[in-house]
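Worksheet for the structure shown next.
Every chain is numbered from 1 and lettered A, B, ... according to where its sequence line falls, protein lines coming before strand lines.
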Protein chains: 2
Amino acid sequence: MKPSKLREIEMSCTCFNLRKATRAVTAVFDDFLAASGLRGTQFTLLAALYQSETATVTRLSQALVMDRTTLTRNLKPLQDQGLVRVSPGEDRRTRALSLSAKGRRVFGKAVPLWEQAQKQVIASLGKTNWDGLMKHLHLTSERMNPY
Amino acid sequence: MKPSKLREIEMSCTCFNLRKATRAVTAVFDDFLAASGLRGTQFTLLAALYQSETATVTRLSQALVMDRTTLTRNLKPLQDQGLVRVSPGEDRRTRALSLSAKGRRVFGKAVPLWEQAQKQVIASLGKTNWDGLMKHLHLTSERMNPY
DNA sequence: TTAAAATAGGTGCATATACTCTTATTATGC
DNA sequence: GCATAATAAGAGTATATGCACCTATTTTAA
């Protein structure tokens, strides 16, 4: 295998370059959100639960387009910190997910931090490039997902 | 907090949308590469090691722009499978990383599978959109990374 | 030359991701 | 009404990610 070929793989691999960019952006969000005690991923979960009256694990995982079992694990630390409550659902199979008062408080404090992170990322890229990035990310999620 | 605000967070969060797209694309690559026994991330590591004569953990982590300790953990299963060899380096501090014969063989078999995955992703997005995605990902990595 | 700083690397801990398998419960078809 | 399908969720296992901390070396500077 030629060296040029290998450089091409690194430059052109959609998976690698997505993961690399995700690592970088996640670090920015985690830094800004640190003061709230939340990670970027956790902020998303709280945001999704903030208004929902009817969240269950399966429904939420579908809404966020993530694996159900991944969501279960991601909810664990939020439960442990008392931010998310898990109560009996409509069914004896289902569990209702909701934010606790503390969860709402923490999320409320985190929103301005999230806005700062978002602002910094947009400023770093320039608005036009950021718009382009988001457009392509939305398209990618749409076209890839078998859901 | 208004529902519209929350929907906006989900639609506009750079971190969430990057992670979501990454999950989707990673699944495609992992599926195609499954026959080789490699994950997308592992394929990248083997590609980087394929030609390198002077790889060490730190140098490779810098080349791939990933945390050094993450790389250490990611190399572990490849070592265990006998694909990557770790030998004494120039220093008594450093360790030299290289592909074993088996590692080269497995990587060689995986390349066409990677090409299929890549082709499918490009086809799903359309070449123009894929070009746009990659351009924005490269830009994002450049602008975000403090390295 | 030797104490301090820099470098290379690993571990502990915690979270993020997802496949497979299992259990419990509900819904369906006959 | 009951056997079977489908649904909801958790556990086991494995990889991916990165911070804080630690050890072992090498380099540098006084």
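Using cut-offs of 30° and 60° on the angle between ring planes, the pair B:Tyr50 and B:Phe107 is tilted.
Counting non-hydrogen atoms under 4.0 angstrom, A:Thr56 reaches the backbone sugars and phosphates but no base. At a threshold of 4.0 angstrom between heavy atoms, the contacts of B:Thr72 are confined to the sugar-phosphate backbone, with no base atom among them. Within 4.0 Å of A:Thr69, counting heavy atoms only, lies at least one base atom of the nucleic acid. Base engagement by A:Arg68 is indicated by at least one non-hydrogen atom pair under 4.0 Å involving a base atom. Residue-level contact check: A:Thr70 touches the bases, meaning some heavy atom is under 4.0 Å from a base atom.
When the P atom of C:dT15 is taken as reference, atom CG of A:Leu38 falls 12 Å away, rounded to whole Å. Whole-Å rounding puts the A:Phe16 CZ to D:dA16 P distance at 13 Å. Between the CZ atom of A:Arg73 and the C1' atom of D:dT17 there is a distance of 17 Å, given to the nearest Å. Atom CG of A:Asn74 is separated from atom P of D:dT17 by 15 Å (rounded to the nearest Å). Summarising the geometry, the separation between CG on A:Leu64 and P on C:dA16 is reported as 13 Å, rounded to the nearest angstrom. One can place CG of B:Asp67 at 15 Å from P of C:dT11, the figure rounded to the nearest angstrom. Protein atom CD of B:Gln42 is 18 Å distant from nucleotide atom P of C:dT17, rounded to whole Å. Straight-line distance from the NZ atom of A:Lys20 to the C1' atom of D:dG18: 17 Å, rounded to whole Å.
Side-chain contact annotation: A:Thr56 with A:Arg95, donor-acceptor N/O pair under 3.5 Å absent. No side-chain donor from either of A:Glu10 and B:Thr44 sits under 3.5 Å from a side-chain acceptor of the other.
In this structure a side-chain-to-backbone donor-acceptor pair under 3.5 Å is missing from B:Arg39 to B:Asp30. The backbone N or O of B:Arg85 sits nowhere less than 3.5 Å from a side-chain atom of B:Ser100 that would complete a donor-acceptor pair.
Using a 90° window around 0 for the glycosidic torsion, C:dA27 falls outside it and is classed as anti.
D:dA5 is unpaired under the criterion used here, namely a Watson-Crick or G-U wobble arrangement in which both key atom distances are under 3.5 Å. Pairing for C:dA4 is with D:dT27, a Watson-Crick or G-U wobble pair whose two hydrogen-bonding atom distances lie under 3.5 Å.
Contact annotation: B:Arg92 side-chain N/O to D:dT25 OP1/OP2 distance is not under 4.0 Å. Look at A:Arg19 and you'll find a side-chain N or O under 4.0 angstrom from OP1 or OP2 of D:dT17. Phosphate proximity of D:dA9 to A:Arg95: absent, as no side-chain N or O sits under 4.0 Å from OP1 or OP2.
Each of B:Arg39 and A:Asp31 lies near DNA chain D, and the nucleotide nearest B:Arg39 is the one positioned closer to the 5' end. Each of B:Val57 and A:Pro77 was assigned the nucleotide of DNA chain C with the nearest heavy atom; the assignment lying further toward the 5' end belongs to B:Val57. Looking at which nucleotide of DNA chain D each of A:Arg59 and B:Asp91 is closest to, the 5′-most match is held by A:Arg59.
Between the side chain of A:Arg93 and the base of D:dT7, a donor-acceptor pair under 3.5 Å is found.
Using a 4.0 Å cut-off between a side-chain N of Lys or Arg and a carboxylate O of Asp or Glu, A:Arg59 and A:Glu53 do not qualify as a salt bridge.
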